[in-house]
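One structure is given below, encoded as structure tokens.
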Amino acid sequence: GERIGVSDDEWALIGPLLPSERGRGCRPSQDNRLYYEGMMWMARTGSQWRHLPDEYGKWNSVFRRYRRWVETGVFDAMLETLAEMVERDATADMIDSTKSGHIIVQRHKKGTQETEALGRSRGGFTTKLHARCDAKGRPLGFVLTPGQTHDVNGFAPLFRMITDKIEAFLADKGYDADAIRDEIAKAGVEAVIPAKSNRKTPAPHDREKYRWRNLVERLFNKLKNWRRVATRYDKTKESYLGFVAIASIKLWIPFVHET
């Protein structure tokens with residue numbers, strides 16, 4: 001199939017954001033680009049690590065580096081840096097969540113299922129990805145919970161993870177709760193959340209701004225083009241979120257090149 005990778009221009013931007021790895025015997029390792037492209041191949045195809053084509057390097061070496069970068073927060077830091085290179089759009093941020101497809105991971109003991117954001121819901125054994133994006137649909141942060149978790153549980157970590165001053169915060173009526181509205185109001189931000197039908201005194205919302213919410217839905221559609229995001233194959237929460245970050249980094253690059 002088609003080779004998955006980054007252009008020279010893209011690499012010039014993201015290459016310096018990766019740790020300079022050392023080869024065996026302290027020889028400098030020149031294979032960061034190859035390995036990173038191998039990780040992208042894994043994210044795009046959803047294949048097993050041992051099926052990684054040889055052109056990207058030994059699968060076990062790529063896997064070990066991926067785990068090391070996940071554990072040291074390399075992908076999160078890359079995403080943050082790319083976002084900082086672009087002028088912040090403070091018009092509005094929005095949140096939503098989506099369930100990943102059927103999960104093909106080894107069964108966990110009950111205690112670790114919750115820790116690794118795995119749970120049972122109508123779709124079987126699932127995980128729920130909560131995302132926050134800006135008014136251009138660019139991803140700003142993610143939270144992972146077990147599949148049966150209510151959307152409301154994703155609000156606080158996503159809202160608090162970014163302290164930038166924004167004008168409005170958009171969410172669907174699943175987030176219509178007094179505690180959520182209070183927290184948004186305390187931050188001096190306009191809540192654009194439709195009221196649930198059973199509310200005695202429904203709060204009004206700006207219908208025009210609410211239409212922007214399709215941007216977060218479109219973000220999920222783009223992320224789900226990466227099979228390892230659409231379906232969770234990873235045993236650990238961190239490994240899964242690492243692939244979400246790789247897909248998100250690819251979405252940010254064109255915006256950085258515009259500046």
Side-chain angles (χ1 to χ4, degrees), residues 13-14 17 73 75-99 117 128-145 149-196 199 201-224 229 241-242 244-259:
L13 179 66
I14 62 173
L17 306 180
F75 301 116
D76 292 340
M78 285 173 80
L79 205 48
E80 220 169 284
T81 306
L82 291 173
E84 283 166 4
M85 290 178 180
V86 177
E87 192 182 347
R88 177 74 159 107
D89 187 323
T91 320
D93 282 0
M94 53 209 82
I95 58 170
D96 203 358
S97 73
T98 186
K99 278 184 194 166
K128 191 179 266 192
L129 181 66
H130 306 256
R132 175 172 175 169
C133 74
D134 68 10
K136 288 192 168 67
R138 301 177 295 208
L140 299 170
F142 299 96
V143 168
L144 203 61
T145 63
T149 313
H150 195 283
D151 288 351
V152 165
N153 295 5
F155 166 77
L158 281 175
F159 190 71
R160 293 168 195 169
M161 69 169 52
I162 300 162
T163 52
D164 303 352
K165 185 78 180 107
I166 52 168
E167 292 166 32
F169 196 78
L170 285 58
D172 67 24
K173 62 182 173 190
Y175 297 88
D176 176 26
D178 292 341
I180 287 178
R181 289 185 180 278
D182 290 349
E183 183 158 349
I184 296 172
K186 273 183 193 147
V189 176
E190 177 192 356
V192 182
I193 304 172
K196 286 180 182 162
R199 263 209 185 254
T201 49
H205 71 281
D206 186 322
R207 286 170 187 272
E208 205 51 47
K209 284 181 186 165
Y210 186 68
R211 289 161 80 172
W212 303 340
R213 215 188 61 83
N214 72 62
L215 287 161
V216 70
E217 290 163 1
R218 276 159 41 197
L219 167 64
F220 281 131
N221 291 338
K222 286 174 191 166
L223 291 173
K224 285 188 171 188
V229 176
L241 285 170
V244 173
I246 285 174
S248 301
I249 287 162
K250 187 75 173 156
L251 294 176
W252 267 102
I253 291 172
F255 291 101
V256 179
H257 278 150
E258 274 176 16
T259 55

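Side chains are part of it too, since the values below use all heavy atoms of this structure and drop only hydrogens, waters and symmetry mates. Keep in mind that what you see is a predicted model, and the values were worked out from it rather than measured.
What you find for Pro157 and Val143 is that their closest heavy atoms are CB-CG2, 3.7 Å. Between Ala245 and Asp76 the shortest heavy-atom distance is CB-OD1, 4.4 Å. Residues Ser97 and Tyr175 come closest through the heavy atom pair N-OH, 4.0 Å. Closest of all the heavy-atom pairs between Leu219 and Gly137 is CD1-O, 3.8 Å. Between Leu170 and Trp212, the closest heavy-atom pair is CD2-CB, 3.8 Å. Minimum interatomic distance between Pro139 and Trp252 (heavy atoms only, all atoms of both residues): O-NE1, 2.8 Å.
No donor-acceptor contact under 3.5 angstrom links the side chains of Lys136 and Thr91, judged on distance only. Side-chain polar atoms of Tyr210 and Arg207 form no donor-acceptor pair below 3.5 angstrom.
For the pair Arg160 and Glu183, the minimum side-chain heavy-atom distance is below 4.5 Å. Ile249 is listed as a side-chain neighbour of Ile14, based on a closest heavy-atom distance under 4.5 Å. Between Leu215 and Met94 the shortest side-chain heavy-atom distance falls below 4.5 Å. Side-chain contact between Arg213 and Asp172 is present, with heavy atoms from C-beta onward closer than 4.5 Å. By the 4.5 Å heavy-atom criterion applied to side chains, Phe220 and Leu129 are counted as neighbours. By the 4.5 Å heavy-atom criterion applied to side chains, Ile193 and Phe169 are not counted as neighbours.
In terms of modelled atom types and a separation under 3.5 Å, the side chain of Arg132 and the main chain of Leu158 share a donor-acceptor contact. Without hydrogens or angle criteria, Asp206 side chain to Lys209 main chain gives a donor-acceptor distance under 3.5 Å. Listed for the Lys222 side chain is no donor-acceptor partner under 3.5 Å among the backbone atoms of Glu217.
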Practice task
Test salt bridge (Lys or Arg N to Asp or Glu O under 4.0 Å) on Arg88 and Asp93 and set out the steps.
Solution key: CA-CA 11 Å; Arg88 177 74 159 107; Asp93 282 0; 2.7 Å; yes

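Classification of Arg199 and Asp178 as a salt-bridged pair holds, one side-chain N sitting under 4.0 Å from a carboxylate O. A salt bridge links Arg181 to Asp176: one of the charged nitrogens lies within less than 4.0 Å of a carboxylate oxygen.
A side-chain contact (heavy atoms from CB on, under 4.5 Å) with Arg138 is found for exactly one of Asp89, Leu82, Leu251, namely Asp89.
Note that the CG atom of Asp96 and the CG atom of Asn214 stand 11.0 Å from one another [nearest 0.5 Å]. We find the CD-CD distance between Glu258 and Glu87 to be 11.5 Å, quoted to the nearest 0.5 Å.
A 6.0 Å sphere centred on NZ of Lys165 holds more than 12 heavy atoms belonging to other residues, nucleotides or ligands.
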